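Just below is one structure, and these are the notes that go with it.
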Amino acid sequence: MLDLAYVRSHFPALSGDWIFMDNAGGSQTLKTVSDRISDYLLTSDVQHGASYEVSQIATQRVRQANQAMATFINATYAEEVVMGASATMVFRLLSLCLAKTLEAGDEIIVSNADHEANVSPWTDLADQGIVIKIWKVRPETMEFHLEDLGTLMTDRTRLVCVTHTSNVLGTLNPVKEYARFVHDRGALIAVDGVAHAPHRLIDVQETDVDFYVFSTYKVYGPHYALLYGKKEHLLRLPGINHYFIQQDDLPYKFQPGNNNFELTYSMLGVVDYLEAVAQHHQPDASRSSRANMELAFELFVEHEERLAARFLDFLNSQASVRVVGSTDSSKSVRVPTISFVVDGMQSDHLVEQVDPHKIGIRFGDFYAKKLIEDLDLESYNGVVRVSLVHYNTLEEVDRLIGVLEKIL
């Protein structure tokens, strides 16, 4: 069982009056992260690459963080990790670079369940003659089907863009299966992992994706993002930095103006936390950093399944409530990002009645506008979304249920 008192002690914001259940919009920040930011700025805030000692220390700190993030996603090389301002920005940078390798008539497939971060950068390429197609979830299953993707792909398909976990539906998508399907047809795959990364430990080697992106501020870190690309692709793609930056200068050629040093360094605070959680629950000094992360996430997953079960059991018992996505709380099916609508009620009206109880939930389309439109949910003013993570408690869920019982 996850020691919640220990876990919550690492998040200063959790000692206040508010219950945070809008975590898919941004998680609370670890103290270890803020400590790393402060330490970097106060002791090594200098430009990198100089010969003097403090510059050498600063350079090494950021390299150490890049390697830690490579371990976090199980990348083969630290150079495959590109840090950037946000998921939206790094997808945009990737699209600008990839566009230089495409010709009019080439095809890119996007999904209708993705956040626009992994849609608009690609659909905008229609201006240069790229053919855009949309892979849609089937309304009757709320899932993607590979048969539908197969009918969209041709020998001109160059890239398929899809989400690992929808930030509305909460469904775990089998991206390893998707990647194999796409690769067999000669295309690449770019995966949005923003809504997935807080709940499952990423393994880019296991899934064999070509590009993967997530936001670090939704994984208990700073407002920043990570782009992974297979080294062979990053070397081949033209960069977006100054003309004199070498083609093999990874990841710098994709980081115009360089990365943010203190935010990159602070991601070591996330690793600090995951290792501390693992060692607190099962002490073993010989365990590797990656193994510690795996153990920590195993504990998170078990607890999050209990949270999802408690809340979904309540929603499923309400005749007026329709869950948007799977009603199954199983950890093999979904994460505890749970969306719903209520018959005869606008989603914003419901959320506004919850606000005075100091419980932070949210309504809207969550930038998955195409999905909300295709599911005919605009008339509700979007969905109500309750997004839980491992530091939430069953008592907090029960408090929300008590409030909703009075509203419904």
Side-chain angles (χ1 to χ4, degrees), residues 1-29 165-172 195-196 198-200 218-220 277 296-342 345 347-364 366 382-408:
M1 296 287 289
L2 187 64
D3 184 344
L4 282 167
Y6 178 79
V7 161
R8 289 172 66 88
S9 71
H10 289 76
F11 296 89
L14 301 183
S15 62
D17 296 332
W18 277 87
I19 294 174
F20 297 101
M21 294 183 170
D22 183 27
N23 297 291
S27 64
Q28 294 307 298
T29 307
T165 297
S166 164
N167 72 339
V168 171
L169 303 176
T171 308
L172 296 167
H196 185 85
H199 307 286
R200 300 291 187 275
K218 297 178 182 180
V219 193
Y220 322 112
V277 168
F297 269 90
E298 287 172 7
L299 293 164
F300 297 166
V301 168
E302 293 299 325
H303 177 63
E304 288 184 353
E305 185 179 45
R306 288 189 286 272
L307 296 175
R310 182 70 62 90
F311 191 56
L312 280 169
D313 284 349
F314 165 72
L315 293 180
N316 292 333
S317 72
Q318 303 298 304
S320 63
V321 171
R322 172 160 57 102
V323 175
V324 180
S326 176
T327 58
D328 187 344
S329 61
S330 171
K331 62 188 177 184
S332 64
V333 173
R334 61 146 55 245
V335 302
T337 298
I338 301 167
S339 299
F340 63 95
V341 291
V342 179
M345 184 178 293
S347 294
D348 53 326
H349 294 168
L350 185 151
V351 171
E352 287 164 0
Q353 292 180 71
V354 174
D355 291 341
H357 297 273
K358 293 191 174 182
I359 301 174
I361 61 175
R362 202 176 184 96
F363 71 92
F366 306 102
V383 298
V384 178
R385 187 180 71 181
V386 175
S387 48
L388 309 169
V389 291
H390 71 278
Y391 55 59
N392 288 121
T393 68
L394 288 171
E395 290 75 17
E396 289 178 332
V397 174
D398 288 340
R399 182 169 156 187
L400 174 60
I401 289 172
V403 172
L404 291 177
E405 283 177 330
K406 296 175 183 177
I407 296 172
L408 300 177

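All values below were derived from every heavy atom in this structure, side-chain atoms included, with hydrogens, water molecules and symmetry-related copies excluded. This one's a predicted model, so the numbers in the text were calculated from it and none came from an experiment.
- Here the CD1-CZ distance, from Ile19 to Arg399, works out to 4.0 Å after rounding to the nearest 0.5 Å.
- Checked by atom type and distance alone, the side chain of Tyr391 pairs as donor or acceptor with a backbone atom of Gln28 at under 3.5 Å.
- Side-chain N or O atoms of Ser27 include one that pairs as donor or acceptor with a backbone N or O of Tyr220 at under 3.5 Å.
- A donor-acceptor contact shorter than 3.5 Å links the side chain of Gln353 to the backbone of His349.
- The CD1 atom of Ile338 sits 10.5 Å away from the OG1 atom of Thr327 when rounded to the nearest 0.5 Å.
- A salt bridge does not link Glu304 with Lys331: every distance from a Lys NZ or Arg NE/NH1/NH2 to an Asp or Glu carboxylate oxygen is 4.0 Å or more.
- Under the 3.5 Å distance criterion, the side-chain polar atoms of Arg334 are matched with a main-chain donor or acceptor of Leu169.
- Using a 4.0 Å cut-off between charged nitrogen and carboxylate oxygen, Glu396 and Arg8 count as a salt-bridge pair.
- Looking at heavy atoms from C-beta onward, Val342 lies in side-chain contact with Val321 at the 4.5 angstrom threshold.
- Atom NE2 of His196 and atom OG of Ser166 lie 13.0 Å apart (nearest 0.5 Å).
- Side-chain atoms of Phe311 and Leu307, non-hydrogen and from C-beta on, never get closer than 4.5 Å to each other.
- Counting heavy atoms from C-beta outward, Val351 and Arg362 have side chains that stay 4.5 Å or more apart.
- The structure places CZ of Phe340 at 12.5 Å from CZ of Arg322, a figure rounded to the nearest 0.5 Å.
- Side-chain contact check for Leu408 versus Leu350: some heavy-atom pair is nearer than 4.5 Å.
- Interatomic distance, Thr337 OG1 to Asp22 CG, rounded to the nearest 0.5 Å: 10.0 Å.
- Taking the six-membered ring where the residue is Trp, Phe11 and His390 present perpendicular rings, their angle passing 60° and hence far from 30°.
- One finds the CH2 atom of Trp18 at 10.5 Å from the NE2 atom of His357 (value rounded to the nearest 0.5 Å).
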Evaluate the criterion side chain to side chain contact (heavy atoms under 4.5 Å, CB included) for residue pair Arg200 and Leu172; output intermediate values, then yes/no. CA-CA 10 Å; Arg200 300 291 187 275; Leu172 296 167; 3.6 Å; yes
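- Side-chain contact between Leu299 and Val277 is present, with at least one heavy-atom pair separated by less than 4.5 Å.
- For the pair Asp398 and Arg310, the minimum side-chain heavy-atom distance is below 4.5 Å.
- Gly382 approaches Val341 most closely through the heavy-atom pair O-CG1, 3.8 Å.
- The minimum heavy-atom distance linking Ser332 with Ser330 is given by the pair OG-OG, 2.9 Å.
- Within the 4.5 Å cutoff, the side chain of Asp3 has no heavy atoms near those of the Val7 side chain.
- Residues His199 and Val389 are in side-chain contact: their nearest non-hydrogen atoms beyond the backbone lie under 4.5 Å apart.
- At least one donor-acceptor pair under 3.5 Å links the side chain of Ser387 to the backbone N or O of Asn23.
- Judged by distance alone, the side chain of Ser339 and the main-chain N or O of Val168 form a donor-acceptor pair under 3.5 Å.
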*side chain to side chain contact (heavy atoms under 4.5 Å, CB included) between Leu312 and Val323, intermediate numbers included*: CA-CA 8 Å; Leu312 280 169; Val323 175; 4.1 Å; yes
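- With hydrogens and angles ignored, the 3.5 Å screen pairs no side-chain donor or acceptor of Asp328 with any backbone N or O of Val333.
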